[in-house]
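Beneath this line is the structure, given in structure tokens, with notes to follow.
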Amino acid sequence: MSIAPHLAETPDDVHEAMIAALRLLLRPGLPFAPELVDDVLLELPGVRARATNPDDRDSRAAAFEGLLRWCLARFGDESLTDAVRALFGIRPGVSGTTLTQRREIASAASGHEVHHFRKRIEPRLLGQLAWALRRDSDEYTMTRAVAPPLAPASARPRMPADPFAWESAEHAELLSRLWSGVYLLRAELLGLARARSMRAEPAALVTAACTALRRYAQLLALAQRYRAAYGDVLLHADTGLTPDGLANLAGWTPTLEPVHRQALADAADTTTELAFLAAVPGDVTAHWCEALTGFNPGTASGMTPETPLIHATDPSRSETEPMRSTS
């Protein structure tokens with residue numbers, strides 16, 4: 001199914017086709033059957049990037065529904081947020097109602113008479129949604145990336161004694177290590193956020209922040225290895241992110257100067273937590289910890305500048321054991 005223009009390919013034509021496709025989805029409302037979603041919506045880069053299987057239409061339809069719900073939840077015009085959610089059937093109390101009933105509820109929420117709402121406000125809402133979907137697609141591939149898909153192994157891998165096979169495996173190995181670094185950093189940042197929410201002791205927060213700093217350093221070092229071997233573009237990835245940019249996917253981190261990021265990467269291969277912290281400039285550690293926790297590692301309650309950070313919350317922890325965030 002497609003109502004997209006066949007000859008005209010200007011941005012305005014695509015925009016109008018998207019509005020028409022969204023209008024068709026008003027009658028069923030959310031959730032809708034996959035066959036009702038027009039191809040002009042399913043071919044959006046942001047939809048394909050989110051689909052579990054981009055080549056499967058139903059998979060893209062499910063991804064589009066999720067994206068549409070996300071756009072409705074974060075609709076830019078606050079005065080019309082309740083109206084647009086009611087129109088698509090995701091406002092509480094409107095599920096299962098007809099489009100006529102939803103228009104009445106939406107018009108009341110917007111403060112307009114039903115006829116005026118249908119003729120004037122509804123087209124504006126659809127236009128704003130179309131722009132939000134286009135903007136998402138423009139930004140998605142430049143700011144996001146998806147880890148390589150995995151499948152269950154049915155047998156022990158057999159690699160031919162061939163240089164091309166070795167090079168392919170080497171790239172896959174380094175890419176896997178790069179993504180593992182992203183998720184390790186993300187885990188530490190999430191653990192730290194949870195600890196802050198639970199009002200953990202300052203010493204525990206600083207310890208968790210230092211763990212995240214080491215994970216960040218390890219990710220920077222992996223990104224340097226990848227960049228040295230393959231350049232600034234992630235091969236076989238539909239994204240504009242650089243290897244260094246993958247760190248942004250893990251979560252918010254304090255801004256550091258290039259020279260400080262290089263110092264972290266240089267210290268990443270240290271064998272213990274204490275050796276890592278000793279190799280990192282103290283002002284970098286202090287800036288990182290204060291930005292993430294609000295506490296300085298030298299003044300946090302229960303700690304002194306001489307207190308080994310790795311033992312701040314668990315004196316029995318081995319120096320060779322990777323430090324985990326605590327709550």
Side-chain angles (χ1 to χ4, degrees), residues 143-144 177-227 241-327:
T143 60
R144 308 186 190 188
R177 294 188 187 281
L178 193 57
W179 275 104
S180 71
V182 172
Y183 282 105
L184 283 171
L185 175 58
R186 177 171 173 77
E188 299 299 345
L189 292 174
L190 288 172
L192 176 57
R194 178 172 56 86
R196 287 193 64 184
S197 177
M198 297 171 65
R199 301 183 182 276
E201 291 295 322
L205 295 177
V206 168
T207 300
C210 288
T211 301
L213 180 62
R214 191 182 187 196
R215 297 302 190 199
Y216 181 67
Q218 292 167 342
L219 180 54
L220 291 178
L222 285 167
Q224 284 191 2
R225 285 180 54 194
Y226 189 98
R227 193 170 62 249
L241 283 175
T242 64
D244 297 288
L246 284 181
N248 297 327
L249 301 179
W252 183 85
T253 54
T255 301
L256 298 176
E257 296 293 332
V259 64
H260 293 153
R261 292 199 297 272
Q262 184 59 55
L264 288 174
D266 292 341
D269 288 336
T270 49
T271 57
T272 68
E273 197 85 18
L274 288 176
F276 168 75
L277 293 172
V280 175
D283 58 337
V284 176
T285 304
H287 170 69
W288 177 276
C289 291
E290 288 178 355
L292 285 175
T293 71
F295 298 103
N296 185 291
T299 59
S301 177
M303 298 179 67
T304 67
E306 292 76 28
T307 303
L309 292 175
I310 196 169
H311 298 313
T313 57
D314 184 1
S316 65
R317 190 195 306 270
S318 165
E319 286 192 7
T320 59
E321 178 186 351
M323 184 172 62
R324 303 290 181 182
S325 59
T326 57
S327 57

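In what follows, every heavy atom counts, from backbone to side chain, and hydrogens, waters and symmetry copies are set aside. Note that the structure is predicted; figures quoted are calculated from it, not measured.
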For residues 249-263, tabulate all N or O donor-acceptor pairs below 3.5 Å that involve a side-chain atom, not counting sequence neighbours.
{"residue": "R261", "atom": "NH1", "partner": "L256", "partner atom": "O", "Å": "2.6"}
{"residue": "Q262", "atom": "OE1", "partner": "Q224", "partner atom": "NE2", "Å": "2.8"}
{"residue": "Q262", "atom": "NE2", "partner": "D266", "partner atom": "OD1", "Å": "2.8"}

Exercise. Do the side chains of T211 and E273 get nearer than 4.5 Å, heavy atoms only?
Worked result: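 A side-chain contact exists here, since the closest heavy-atom pair is under 4.5 Å.
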
Problem set entry | Atom CZ of R186: over 12 foreign heavy atoms under 6.0 Å |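 No.
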
For this session: State, to 0.1 Å, how close A208 and L192 come at their nearest heavy-atom pair, and which atoms those are.
Result: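 In this case the closest contact between A208 and L192 is CB-CD1, 3.9 Å.
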
Problem set entry | Which atom of G181 lies closest to which atom of L219, heavy atoms considered |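 So the two residues come closest at C-CD1, 4.0 Å.
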
Can you tell me how far [atom2] of [Y] sits from [atom1] of [X], rounded to the nearest 0.5 angstrom?
X: L246; Y: Y183; atom1: CG; atom2: OH; value: 10.0 Å
X: L213; Y: E188; atom1: CG; atom2: CD; value: 11.0 Å
X: F276; Y: D269; atom1: CZ; atom2: CG; value: 11.0 Å
X: L292; Y: H287; atom1: CG; atom2: NE2; value: 9.0 Å

Any donor-acceptor pair under 3.5 Å linking the side chain of [X] with the backbone of [Y]?
X: S197; Y: A193; result: no
X: W288; Y: A209; result: yes
X: S180; Y: R177; result: yes

For this session: Show your reasoning for whether side-chain contact (heavy atoms from CB on, under 4.5 Å) applies to Y216 and L189.
Result: CA-CA 10 Å; Y216 181 67; L189 292 174; over 6 Å; no

